[in-house]
2 protein chains.
Amino acid sequence: MLTIGQLASYAGVTVRTVRHYHAKGLLPEPERDHSGYRRYGAAAVVELVRIRTLADAGVPLSRVRELLAADDEEFVAAVDDIDRRLRAEIRERQSHRERIAKLAAGDSLALPPEVVAYVDRMRELGFRERLVEIERDSWILIAAQMPEQVGPWMAMKRAQLEDESLRRLYLDVGELSDCGPEDPRLPVLADRVAAFIQAAADGAEGVEDEHPVSEDLVALLDAAFVESFPGAVRMLELLEERGWTGWTNIRRKTVAPVPCEAEL
Amino acid sequence: MLTIGQLASYAGVTVRTVRHYHAKGLLPEPERDHSGYRRYGAAAVVELVRIRTLADAGVPLSRVRELLAADDEEFVAAVDDIDRRLRAEIRERQSHRERIAKLAAGDSLALPPEVVAYVDRMRELGFRERLVEIERDSWILIAAQMPEQVGPWMAMKRAQLEDESLRRLYLDVGELSDCGPEDPRLPVLADRVAAFIQAAADGAEGVEDEHPVSEDLVALLDAAFVESFPGAVRMLELLEERGWTGWTNIRRKTVAPVPCEAEL
DNA sequence: GCTTGACCTTGACGCTGGGTCAGGGTTGCA
DNA sequence: TGCAACCCTGACCCAGCGTCAAGGTCAAGC
């Protein structure tokens, strides 16, 4: 008669494993001797080896019992199923390998390469670091929501960067990073932004947005802007005074009807 | 300000996942509002997307924090490490696929093909099913302990099967499957076995065992024999009377010196 | 007879990455 | 005012054991 340790060593597994198989009902609990020790016969070794043969071939323990009792046809069907699972797991790891290799190859985290090029160009052109960061983070958010739009949109942005006057305006927006809410540069900047938007709007009257972005995303990007710049809230107020609302997607303010006292 | 559900949906994960990341310290716990709800800013979405980017590339959560904070060099080293793990996992599944395919191709469980051929031949020759089974189980045990020995040894056993007189003896051993301990066929069979072993021993005087088997394994195989046949114990006794001990590996009995009364 | 070390016993927690209740409070809209 | 849709914490669940804790048992050596 064998003790659990002997059984385990014959089958090349640990004692814990044997007990685990008992608990799972894979291997029947044997008789106990007078002191409560489990005592096994040779047949238990055979059973255990058969279980390990399946387990070592990637069969989940939950299916081992079924396979041990299966006839040929059931066995082949079950094996088919398990093989499918194995292939799926392999494909998964392979796609993981590809993704992680791309990350290591220099993609900044969560950023498509076009965006990396864009923020690099911003740095070259001397944009304030804070502005570059908010831009990068914004694109992380955009890429997460609508990855297919990033490519064409990015091309447009890059072109804007190379436009002298626009770039100068945008460079100055970077000064927001050290403007408090009362900074005298804010109204000046708001004027320039409003003028630019007005010109753009005039030039594109009736033209739909090229890059339709959900309200939610716009709100999120505006929030990111506000979180990043201390002067951002004041800037939004100044733009409202000038008839514009929002930042990410600046629009003409629709004048909300002020309720008359009579209506209250 | 975002609720946890909004944050989760921006990042394409479940609420449970966000809370899990809080618990693991991957994502900092945000402020709570007056009713205890978590309130997130846009920066949290960015962080969460970055975490998911790594997780989706197969980075274990336990290493995500490290990678988010890593410089380029550390990042590449960590990625190398993770890629190694992924490759190892892929190799593992591939070997699982091969093994399970072999099992489905007809290998009886845990049996090398030579052994399958051997037990099939036993059935063809009309051996008792019980004997075939104990033979098969014995080979499962042997293959588990010393797989490399199975091939050559099996060749020898197959040759023995084709030896007329030996086969007849072995066929009759199969009758043990319905012999009680007092069956009159037992002494006759024991005589025949003893005679055969004697002859074999005479022919191989001084020759070492071709197939050295550990004492433990021999004991295990003997135990399997005893478990399978009700008459096995009696058979062993009869062989002892004839000067032999054991079954799997029958040897001349070394006569233990009987203690004289004077010595007690 | 006593000690020591190697076994054995049950019970419980740990790992991964969340899923899925349970039992309760909050918010927002009709 | 009610209802659906959120939110909260706490807890158990999956696989396949590893590992510790706290205690009982066995064989051997002194």
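All chains are named by letter (A, B, ...) in the order of the sequence lines, taking the proteins before the strands, and each is independently numbered beginning at 1.
For A/Leu48 and D/dC17, the CG to P distance is 11 Å, given to the nearest whole Å. Going from atom CG of B/Leu26 over to atom P of C/dT16 covers 11 Å, rounded to whole Å. A/Leu27 has its CG atom 13 Å from the P atom of D/dC17, to the nearest Å. Taking atom CZ of residue B/Arg63 and atom P of nucleotide C/dC15, one finds them 17 Å apart after rounding to whole Å. Distance, A/Leu2 CG to D/dC26 C1': 17 Å, rounded to whole Å. Atom CZ in B/Arg65 sits roughly 16 Å away from atom C1' in C/dG17 (whole-Å rounding). Taking atom NE2 on A/His34 and atom C1' on C/dC8, their separation rounds to 12 Å, with Å as the unit. The nearest whole Å value for the distance from the CZ atom in A/Arg85 to the C1' atom in D/dC14 is 13 Å.
In this structure, A/Leu61 and B/Gln6 both approach DNA chain D, and ranking their closest nucleotides by distance from the 5' end singles out B/Gln6. In terms of position on DNA chain C, the residue among B/Arg16 and B/Asp33 whose nearest nucleotide sits closer to the 5' end is B/Arg16.
The phosphate of C/dG18 has OP1 or OP2 within less than 4.0 Å of a side-chain N or O from B/Tyr21. Contact check, A/Ser35 against C/dC8: no side-chain N or O comes under 4.0 Å of OP1 or OP2. At C/dC8, one or more side-chain N or O atoms of A/Thr3 fall inside 4.0 Å of OP1 or OP2 (strictly under the cut-off). Contact check, B/Thr14 against C/dG18: no side-chain N or O comes under 4.0 Å of OP1 or OP2. Note on B/Lys24: a side-chain N or O is less than 4.0 Å away from OP1 or OP2 of C/dT16.
Here D/dT9 is the nucleotide among D/dC7, D/dT9, D/dT25 with the atom lying nearest to any side-chain atom of B/Arg38. The side chain of A/Arg19 lies closest to C/dT10 when the candidates are D/dT25, C/dT27, C/dT10. In the set D/dG16, D/dC12, D/dG18, D/dG16 carries the atom at the smallest distance from any side-chain atom of A/His20.
Ionic pairing of A/Arg136 and A/Glu133 is not present here: no N-O contact between side-chain nitrogen and carboxylate oxygen is shorter than 4.0 angstrom. The pair B/Glu89-A/Arg93 counts as a salt bridge, with a side-chain nitrogen and a carboxylate oxygen less than 4.0 angstrom apart. The pair B/Asp81-B/Arg85 fails the salt-bridge criterion, with no side-chain N (NZ, NE, NH1 or NH2) lying under 4.0 Å from an Asp/Glu carboxylate O.
Scanning both residues, B/Ala57 and A/Leu103, for their nearest heavy atoms gives CB-CD1, 4.0 Å.
B/Arg52 comes within 4.0 angstrom of the backbone, heavy atoms only, and of no base. Counting non-hydrogen atoms under 4.0 angstrom, B/Arg39 reaches nothing in the nucleic acid. As judged by a 4.0 angstrom heavy-atom cut-off over every strand, B/Arg32 is placed among residues touching the sugar-phosphate backbone only. No contact: B/His22 has no heavy atom under 4.0 Å from any strand.
Ring geometry for B/Phe225 versus B/Trp247: interplanar angle under 30°, hence parallel rather than tilted (30 to 60°).
When A/Leu54, A/Leu48, A/Leu61 are each tested for a side chain to side chain contact (heavy atoms under 4.5 Å, CB included) with A/Leu26, only one passes: A/Leu61.
Side-chain to base pairing of B/Tyr37 with C/dG25: one donor and one acceptor N or O lie within less than 3.5 Å of each other.
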